[in-house]
Amino acid sequence: MALPKLVVILGPTACGKSGLGVTLAKKYGGEIVSADSRQVYRGLDLGTGKITIAEMDGVAHHLLDVAQPGEQYSVARFQQEAYTALDGVIERDRLPFLVGGTGLYLRSVAEGYVFQVAPPDHTLRAELEALPTEVLRQRLLDAGVELDSDAWNNRPRLVRLTEKLRSGGDPHAEAERQPRYDVLTLGVAYPREAICRRIDKRLVARLDAGMVEEVAALRSQGVSDEFLYGLGLEYRYILRHLTGELSMEELIEELGRAIKRFAKRQVSWFKKDKDVHWLDMEADPITEATELIDSFLS
RNA sequence: GGGAGAGUUCCAGAGUGGCCAAAUGGGGCAGACUGUAAAUCUGUUGCGUAUCGCUUCGGUGGUUCGAAUCCACCCUCUCCCA
């Protein structure tokens, strides 16, 4: 039995994924499932570049605003909820579009990651987090776990490896996949300089639109600084501005740089996926995408 | 006009005779990443026909086997007294 079809739209930040998603979804009678690790939170709007109701233009969107700021979210939870949402779209006999920039989230659904039975143990994590890195590392080494240089100082990863070990999992287990969809992946990207220009432009526009005020409001509603800091980018840098650490000029400069660095990391991630059909955004991406989708559906 | 101090590799900033192409941080570049992923982490960052050679530490000229480090003069900047 053939797998249901899914169109994935991915790409670095500020390249027009959401807009393209809406256009294509309208054209094909589709619905959109967002794949963004920060847009799942309610109230994180300007800072995440979340699509507005008006911009949705009547197209149904899923997995936006499904968690409370401060709440724990994870790839596994995302995958679960995305599967449910996508299956709903398919049942309604509509074409599902998975649109977003969180590489891990996208891939977990598009490729069907099978997660080990080792859910986060927050009590254990709290314990481990108090330990020095060398201790975390040494315990794993003593247990025969092999660590590559990339994980050597990576505390979150050391903690997760320990967690897997404790719950009887195998830290070396081969990554498993069970694809549930027949996927067409469209990539949205501009040349590097163009991305940088778009990022700068969008940053200023969002600050004008009240992005700093959004963060201030979240704080006054009781969202912790720790959570905001952990979100990174806009929330982290604006928090630092609000606490007086960064002037407005420094905020614009440093945040702009950080977003560009992030875009680069996204590109690094997406580049590895050889199945992406990269659209030429400076030509006619809609026609190009339409042709690809048409042949994908036929 | 007089006095004090400073000029270092993209930036900031260590380094005061050999272990210095030069610490560290930032930035840049490349990368990793299956339950925190906008997070977290790794490598690299003068040039070259590369376990060796070449050109760098404001400029010029000295001292020395050897100088970013010492001396002289010059240029620039900061500060203090006028």
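By convention in this document, chain letters (A, B, ...) are assigned in the order of the sequence lines, proteins followed by strands, and residues within each chain are numbered from 1.
Base pairing analysis places G66(B) opposite nothing; no Watson-Crick or G-U wobble pair with both distances below 3.5 Å involves it. Nucleotide C73(B) has G59(B) as its partner under the Watson-Crick or G-U criteria, with both atom distances under 3.5 Å. Look at U40(B): its Watson-Crick or wobble partner, with both distances under 3.5 angstrom, is A32(B). The pairing partner recorded for A4(B) is U78(B), the criterion being a Watson-Crick or G-U wobble arrangement whose two distances lie under 3.5 angstrom. Pair assignment for C54(B): G46(B), on the basis of Watson-Crick or G-U wobble contacts that are both within less than 3.5 Å. The partner of U24(B), taking Watson-Crick or G-U wobble pairs whose two distances both stay under 3.5 Å, is A12(B). Pair check for C19(B) finds none; no Watson-Crick or G-U wobble contact set falls under 3.5 Å.
Considering only side-chain N and O atoms, N154(A) lies nowhere under 4.0 angstrom from the phosphate OP1 or OP2 of A32(B). For U40(B), the OP1/OP2 oxygens have no side-chain nitrogen or oxygen of R155(A) closer than 4.0 Å. For Y105(A), a side-chain nitrogen or oxygen approaches OP1 or OP2 of A37(B) to under 4.0 Å. R125(A) has a side-chain polar atom (N or O) that falls below the 4.0 Å cut-off from OP1 or OP2 of U36(B).
Using a 4.0 Å cut-off on heavy atoms, none of the residues of residues 193-225 of chain A approach RNA chain B.
Remark: side-chain polar atoms of Q266(A) are paired, donor with acceptor, to backbone N or O of G101(A) under 3.5 angstrom. Using modelled atom types, one side-chain atom of E163(A) and one backbone atom of D121(A) make a donor-acceptor pair closer than 3.5 Å. Counting only distance, with no hydrogens or angles, the side chain of K17(A) and the backbone of I9(A) share no donor-acceptor pair below 3.5 Å.
Separation of the P atoms belonging to A68(B) and G17(B) is 13 Å when rounded to the nearest angstrom. Comparing G48(B) with G62(B), their C1' atoms are spaced 31 Å from each other, to the whole Å. C33(B) and C11(B): their C1' atoms are spaced 30 Å apart (whole Å). Atom C1' of A23(B) sits at a distance of 15 Å from the matching atom of U45(B), rounded to the whole Å. The separation of C80(B) from G27(B), taken at their P atoms, amounts to 34 Å, rounded to a whole angstrom. Remark: the separation of the P atoms in C29(B) and C79(B) is 36 Å, to the nearest Å. Of the C1' atoms belonging to C57(B) and A21(B), the separation is 10 Å, rounded to the nearest Å. Distance check on atom P: G2(B) versus C74(B) gives 12 Å, rounded to whole Å.
Per the geometry, CZ belonging to F115(A) stands 13 Å off C1' belonging to U36(B), to the nearest Å. The CZ atom of R157(A) sits 10 Å away from the C1' atom of U34(B) (whole-angstrom rounding). Straight-line distance from the CG atom of N153(A) to the P atom of A32(B): 18 Å, rounded to whole Å. Distance, R77(A) CZ to U36(B) C1': 13 Å, rounded to whole Å. Summarising the geometry, the separation between CZ on R160(A) and P on C41(B) is reported as 18 Å, rounded to the nearest angstrom. For E176(A) and G35(B), the CD to P distance is 13 Å, given to the nearest whole Å. One atom, CH2 of W269(A), and another, C1' of A38(B), lie 13 Å apart when rounded to the nearest Å. W152(A) has its CH2 atom 17 Å from the C1' atom of U40(B), to the nearest Å.
Among the protein residues, F78(A) comes within range of no part of the nucleic acid, since none of its heavy atoms lies under 4.0 Å from any strand. Q116(A) comes within 4.0 angstrom of a nucleotide base, judged by non-hydrogen atoms across all strands. Among the heavy atoms of the strands, none lies under 4.0 Å from Q266(A). If you check every strand for non-hydrogen atoms under 4.0 Å, V114(A) touches a base. D148(A) comes within 4.0 angstrom of no nucleic acid atom, judged by non-hydrogen atoms across all strands. Here T13(A) lies out of heavy-atom contact (under 4.0 Å) with every strand. Among the heavy atoms of the strands lying under 4.0 Å from T102(A) are primed sugar atoms or P, OP1, OP2 only; no base atom is included. Residue Q72(A) is in sugar-phosphate contact alone, with no base atom involved, counting any heavy-atom pair closer than 4.0 Å across all strands shown. Within the nucleic acid shown, E174(A) has no heavy atom closer than 4.0 Å to any nucleic acid atom.
For Y41(A) and F227(A), the ring centers are positioned less than 6.0 Å apart.
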*Contact pattern, 5' to 3', of nucleotides 25-31 of chain B - B, S or - by protein heavy atom under 4.0 Å*: --SSSSB
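Using a cut-off of 4.0 Å between Lys/Arg side-chain N and Asp/Glu carboxylate O, R155(A) and E129(A) are scored as not salt-bridged.
Checking U36(B), U42(B), U34(B) against every side-chain atom of R177(A), the shortest atom distance belongs to U34(B). Here U36(B) is the nucleotide among U36(B), U34(B), A38(B) with the atom lying nearest to any side-chain atom of P120(A).
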_Could you go through H61(A) and E31(A), starting from their C-alpha distance and side-chain angles, then the distance that decides it, and tell me whether this counts as side-chain hydrogen bond (donor to acceptor under 3.5 Å, both in side chains)?_
CA-CA 6 Å; H61(A) 280 68; E31(A) 294 184 22; over 6 Å; no
*Steps toward side-chain hydrogen bond (donor to acceptor under 3.5 Å, both in side chains) verdict (T13(A), R202(A))*: CA-CA 10 Å; T13(A) 188; R202(A) 196 179 65 152; 3.0 Å; yes
*Does the side-chain hydrogen bond (donor to acceptor under 3.5 Å, both in side chains) test come out yes or no for R180(A) and Y83(A), once each step is laid out?*
CA-CA 9 Å; R180(A) 303 180 28 142; Y83(A) 280 163; 4.7 Å; no
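For the pair K5(A) and Y181(A), the cation-pi test (distance below 6.0 Å, angle within 45°) is failed.
The residue among Y113(A) and Y235(A) whose nearest nucleotide of RNA chain B is located toward the 5' end is Y113(A). When each of E234(A) and S149(A) is assigned the nucleotide of RNA chain B bearing its nearest heavy atom, the one mapping closer to the 5' terminus is E234(A).
Considering only heavy atoms from C-beta on, V33(A) stays 4.5 Å or farther from F97(A) through its side chain.
Side-chain polar atoms of Y235(A) and E214(A) form a donor-acceptor pair below 3.5 angstrom. Checking T84(A) against E81(A) by side-chain atom types alone, no donor-acceptor pair falls below 3.5 Å.
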List, one per line, each side-chain donor-acceptor pair under 3.5 Å for residues 105-113 of chain A, sequence neighbours excluded.
residue : atom : partner : partner atom : Å
R107(A) : NH2  : W269(A) : O            : 3.2
S108(A) : OG   : Y105(A) : O            : 2.8
E111(A) : OE1  : R177(A) : NH1          : 2.1

